[in-house]
Chemist: 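Dropping a structure here in structure tokens format, bear with me for questions.
In what follows, every chain begins at residue 1, and chains take the letters A, B, ... in the order their sequences are listed.
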2 protein chains.
Amino acid sequence: MELVKHLEEISLFSGLTSADYDELAMIATDQEFRRGQTIFNQGDEGVGFYVILNGRVKIYKVSPDGKEQILHLPGPGETFAEVAVFTGSRYPAHAEAADKSRILFFPKSSFIGLIRNNPSLALNMLAALSQRLKRFSNMIEALSLKEVPGRLAAHLLYLSGRRQDAIEVELDMAKVQLASLLGTIPETLSRILAKMSKQDLIRLNGPVVRILDRQGLTDLASGETRLS
Amino acid sequence: MELVKHLEEISLFSGLTSADYDELAMIATDQEFRRGQTIFNQGDEGVGFYVILNGRVKIYKVSPDGKEQILHLPGPGETFAEVAVFTGSRYPAHAEAADKSRILFFPKSSFIGLIRNNPSLALNMLAALSQRLKRFSNMIEALSLKEVPGRLAAHLLYLSGRRQDAIEVELDMAKVQLASLLGTIPETLSRILAKMSKQDLIRLNGPVVRILDRQGLTDLASGETRLS
DNA sequence: CGCTGCGTTGAGCTTCTTCAACGATCGTGG
DNA sequence: CCACGATCGTTGAAGAAGCTCAACGCAGCG
């Protein structure tokens with residue numbers, strides 16, 4: 001079965017036996033979404049969770065006046081909506097394909113059965129949720145304790161990984177989306193990128209950011225410095 | 001063993017056999033903290049997780065200039081620092097006893113062993129983490145998409161539960177802490193409470209809030225209304 | 001009794017959003 | 001193939017929300 005090949009590359013499913021893979025393949029359904037298509041809406045009945053084979057998905061909240069806050073933007077190999085599996089309730093956010101995407105769907109009840117008989121799978125899932133929780137904590141911290149320049153700096157550093165020598169970073173999404181992920185609006189993001197350029201922290205070239213002053217960014221991200 | 005009695009009341013441990021309780025009691029250590037005492041700091045090695053028997057614990061982040069953002073304020077029967085168990089890394093936030101507290105500590109490795117042999121425990125833990133994740137999503141939404149009056153209104157409604165007739169709510173923490181939980185500062189909170197009083201949404205009496213206009217609060221919380 | 005932490009209020013200021021306008025790019029349908 | 005609309009990105013000017021700083025009353029507790 002072709003699906004099994006894909007499943008083996010998903011880190012959530014690492015360490016499983018081939019019998020497990022067969023079972024997973026049995027309960028999964030393979031779905032295609034075009035860019036912009038809604039996968040589910042906040043408040044919909046949480047019937048299962050998803051694993052992305054390719055493409056990207058935007059998980060987001062919306063305010064009554066239409067402003068969006070992106071919570072998460074998973075890509076190939078990543079999962080979303082796991083929460084629905086374990087809280088027996090409704091999806092707490094919206095999900096929409098950010099690109100043309102191929103996605104596997106796992107219905108809640110069959111998946112719970114699998115977990116019950118499969119400690120590795122349970123532990124993998126616990127690790128995934130914990131990881132997500134940690135990222136959300138950092139997001140809360142950023143929104144509450146850092147100003148936009150700090151959040152942006154942190155994001156740039158995150159993208160560049162830990163490597164001291166990484167000079168160029170490619171923004172992996174449109175700036176509108178980046179703004180939404182950082183909890184701000186495109187105008188503000190644009191102004192701050194411009195200001196960072198002017199102060200020779202970065203050099204901006206379309207979606208490519210060249211990092212000129214890593215230390216400066218680090219100081220901004222930790223809140224020690226201000227972007228006058 | 002006295003501990004077992006306590007363990008049976010923890011919802012994370014519901015549905016376990018008495019043999020399981022004995023095992024849990026074996027690996028747990030019983031600790032006392034006085035009000036204000038640090039339990040661990042962000043960045044400390046994540047050696048295990050905690051269950052509160054009585055008291056309360058403040059889980060929080062700090063900005064370089066000392067401002068705090070409370071992530072979570074668990075009380076009796078609740079757990080914290082589970083994330084450390086499954087991500088094999090450091091604590092992502094600070095923990096401090098908000099009251100004199102009695103707390104059980106479970107070392108990481110023994111607990112993982114328990115989970116591996118105990119699907120119910122794994123599922124309970126998954127449910128707990130999912131619940132937390134949902135709350136964090138709401139927090140992110142609130143910080144990014146709602147203004148302080150909206151967050152406060154949402155919190156008041158949350159405290160009053162779903163009951164339409166609940167008139168009085170007791171703020172279950174000092175206002176400084178409530179401010180930190182809502183991602184603002186005491187001054188702002190104070191002003192907004194005053195404004196809500198002036199507009200007859202609530203009546204304020206020390207730590208007791210009488211809800212006068214539930215609909216008004218609901219509108220604020222959903223962002224439909226503004227607190228002019 | 002004094003001290004410390006809490007809560008409130010005022011004044012000024014910073015940051016960010018809102019509103020508006022405009023250029024550029026890109027995909028699509030005529 | 002070109003033209004059009006839509007989305008994206010940028011910039012300016014004005015306004016709002018919330019923060020900082022400062023002062024002060026008040027209560028609890030050693």
Chemist: Side chain of A/Ala194: nearest nucleotide among C/dT17, D/dC19, D/dT11?
Modeler: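 Closest of the options to the side chain of A/Ala194: D/dT11.
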Chemist: Kindly say if B/Thr188 contacts the phosphate of D/dC19, meaning a side-chain N or O under 4.0 Å from OP1 or OP2.
Modeler: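 So the side-chain polar atoms of B/Thr188 do come within 4.0 Å of the phosphate oxygens OP1 or OP2 of D/dC19, strictly under.
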Chemist: Kindly say if B/Arg226 contacts the phosphate of D/dA17, meaning a side-chain N or O under 4.0 Å from OP1 or OP2.
Modeler: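 For D/dA17, OP1/OP2 do have a side-chain N/O of B/Arg226 under 4.0 Å.
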Chemist: Please determine, for the side chain of A/Ile185, which listed nucleotide (C/dT9, D/dG9, C/dT18) has the closest atom?
Modeler: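 It is C/dT18.
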Chemist: Report yes if a side-chain nitrogen or oxygen of A/Lys175 is closer than 4.0 Å to either non-bridging phosphate oxygen (OP1 or OP2) of D/dT10; otherwise report no.
Modeler: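 Answer is yes, contact under 4.0 Å.
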Chemist: Report yes or no: do B/Ser190 and B/Glu187 form a side-chain donor-acceptor pair below 3.5 Å?
Modeler: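 No - no donor-acceptor pair under 3.5 Å links their side chains.
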Chemist: Closest to the B/Ile192 side chain: D/dG18, C/dG10, D/dG9?
Modeler: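 Nearest nucleotide to the side chain: D/dG18.
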Chemist: Determine whether any donor atom in the side chain of B/Glu187 lies under 3.5 Å from an acceptor atom in the base of D/dC21, or the reverse, and answer yes or no.
Modeler: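 Yes.
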Chemist: Does B/Thr184 place a side-chain N or O at less than 4.0 Å from the phosphate oxygens OP1/OP2 of D/dG18?
Modeler: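 No, outside the criterion.
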Chemist: So, A/Ser63 versus A/Asp65: side-chain donor-acceptor pair below 3.5 Å or not?
Modeler: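 On atom types as modelled, these side chains qualify, holding a pair under 3.5 Å.
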Chemist: Go through the N and O atoms of the side chain of A/Arg151 and the base of C/dT15, and report whether any donor-acceptor pair is under 3.5 Å.
Modeler: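 No such pair is found, so the answer is no.
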Chemist: Could you work out which one of D/dG18, C/dT18, C/dA11 sits closest to the side chain of B/Val148?
Modeler: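 Shortest atom-to-atom distance from the side chain points to D/dG18.
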Chemist: What's the closest nucleotide to the A/Pro149 side chain, out of C/dC16, D/dG9, C/dG7?
Modeler: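 Of C/dC16, D/dG9, C/dG7, C/dC16 is nearest to the side chain of A/Pro149.
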Chemist: Would you indicate what A/Gly183 reaches in the nucleic acid, counting non-hydrogen atoms under 4.0 angstrom: base, sugar-phosphate, or nothing?
Modeler: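 Sugar-phosphate contact only - A/Gly183 comes under 4.0 Å of backbone atoms but never of a base.
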